[in-house]
Q: 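Have a look at this one before I ask anything.
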Amino acid sequence: MKHRGILIVVSGFSGAGKGTLMKKLVQQYDDYALSISATTRSPRPDEQDGREYFFMDKQAFEEKIANGGLVEYACYCDHYYGTPRDYVESQLTAGKDVILEIEIQGALQIRKDYPTALLLFVVPPDAQELKRRLTGRGTETDAVIRQRLKRAVEEAKGIEEYDYIVVNDDLDTCVEELHEIITAAHNTPFRNEEFIENIKAELEVLAKGEN
Ligand code: ADP
Ligand code: 5GP
């Protein structure tokens with residue numbers, strides 16, 4: 001069956017391990033292209049412009065919104081985040097699955113505009129572990145951690161909108177599970193309409209004995 005690129009949306013509470021998982025997934029498999037978002041938040045000490053994010057000010061971000069340069073965007077904890085359009089479109093055309101690591105408002109915009117998108121929600125094994133990971137990462141102040149935990153309460157209300165939840169307990173196991181879910185999603189009939197129409201037409205011809 002011909003492999004066509006699909007959009008893979010990965011959401012989850014801050015600290016659940018999305019960034020860590022996605023880095024491993026793209027290292028292990030060639031099938032995936034990881035989209036780099038634009039944001040107005042400041043870089044963390046270990047982040048580089050153009051690697052984790054395209055960091056920009058509010059005015060530059062709003063210009064991108066205005067000229068249609070983003071496939072989706074949202075405001076998260078006082079900052080804008082959005083997905084640049086050019087990379088997504090070119091990689092999908094090249095047959096790659098494009099991974100968007102984005103929050104729920106953006107995920108729902110994608111579902112509307114790209115009906116074949118696969119929506120995955122990464123969860124930690126339990127809430128205490130989430131707090132441990134968020135604190136252990138050491139990149140946010142206590143006030144920001146509290147703000148992100150509050151946001152997690154809100155995000156939890158939207159989990160049912162997603163196609164699958166994926167528990168990030170053991171990292172390697174979770175990477176394998178993600179890859180298996182994505183592989184299986186490619187074989188759903190609604191993501192293969194062209195293939196199905198073609199084989200139907202071929203069968204009609206064969207059944208008439210014309211070939
Ligand atoms: P997110 O991108 O979802 O905010 P990160 O990928 O930054 O989360 O992970 C948050 C912290 O948890 C990091 O310090 C990371 O090393 C750690 N982490 C991620 N996955 C696991 C895991 N499976 N087990 C233990 N620690 C993990
Ligand atoms: P962080 O500041 O921890 O890197 O990201 C905060 C939140 O913004 C995370 O839930 C992350 O998934 C989300 N996010 C990152 N990039 C985008 C984006 O392009 N669009 C949307 N809607 N959310 C994003």
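Along the sequence shown, residues are numbered consecutively beginning with 1. Remember, it's 1-based here, ligands and their atoms both numbered in the order they're listed.
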Q: If only side-chain N and O atoms count, and only distance matters, is there a donor-acceptor pair under 3.5 Å linking Gln147 with Glu140?
A: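 Side-chain D/A pair, Glu140 to Gln147: absent.
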Q: At what distance, to the nearest 0.5 angstrom, does CD1 of Ile182 lie from CD1 of Ile6?
A: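 Spacing of CD1 (Ile182) from CD1 (Ile6) equals 7.5 Å.
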Q: Calculate, to the nearest 0.5 Å, the distance between atoms OH and SG belonging to Tyr81 and Cys75 respectively.
A: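 Going from the OH atom of Tyr81 to the SG atom of Cys75 covers 9.0 Å.
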Q: Under a 4.0 Å heavy-atom cut-off, what residues line ligand 1?
A: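 For ligand 1, the contacting residues are Phe13, Ser14, Gly15, Ala16, Gly17, Lys18, Gly19, Thr20, Arg133, Arg137, Asn168, Asp169, Leu171.
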Q: Identify the residue among Leu34, Leu120, Leu119 that makes a side-chain contact (heavy atoms from CB on, under 4.5 Å) with Ile8.
A: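 One option only clears the test, and that one is Leu120.
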Q: Restricting to ring-ring contact (aromatic ring centres under 6.0 Å, His included), what partner residues turn up for Tyr29, sequence neighbours left out?
A: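 By the ring-ring contact (aromatic ring centres under 6.0 Å, His included) rule, Tyr29 matches His179.
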Q: Taking only distance into account, with no hydrogens and no angle test, what donor-acceptor pairs under 3.5 Å do side-chain atoms of residues 165-172 form with protein atoms, sequence neighbours excluded?
A:
{"unit_1": "Asn168", "atom_1": "ND2", "unit_2": "Ala16", "atom_2": "O", "d": "2.8"}
{"unit_1": "Asp170", "atom_1": "OD2", "unit_2": "Thr173", "atom_2": "N", "d": "3.0"}
{"unit_1": "Asp170", "atom_1": "OD2", "unit_2": "Thr173", "atom_2": "OG1", "d": "2.6"}
{"unit_1": "Asp172", "atom_1": "OD1", "unit_2": "Lys24", "atom_2": "NZ", "d": "2.9"}

Q: Non-hydrogen atoms closer than 4.0 Å to ligand 2: which protein residues do they belong to? List them by chain and number, please.
A: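 Residue list for ligand 2: Lys18, Ser37, Arg41, Arg44, Tyr53, Glu72, Ala74, Tyr76, Tyr81, Gly82, Thr83, Glu101, Ile102, Glu103, Gly106, Arg148.
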Q: Can you tell me which residue among Asp57, Ile65, Thr39 is in a side-chain contact (heavy atoms from CB on, under 4.5 Å) with Tyr80?
A: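 The option that passes is Ile65.
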Q: With a 6.0 Å cut-off on ring centres, are Phe13 and Phe121 close enough?
A: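 Yes, ring centres under 6.0 Å apart.
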Q: Might you work through the side-chain hydrogen bond (donor to acceptor under 3.5 Å, both in side chains) test for Glu72 and Gln105, ending with a clear yes or no?
A: CA-CA 9 Å; Glu72 62 73 36; Gln105 299 166 64; over 6 Å; no
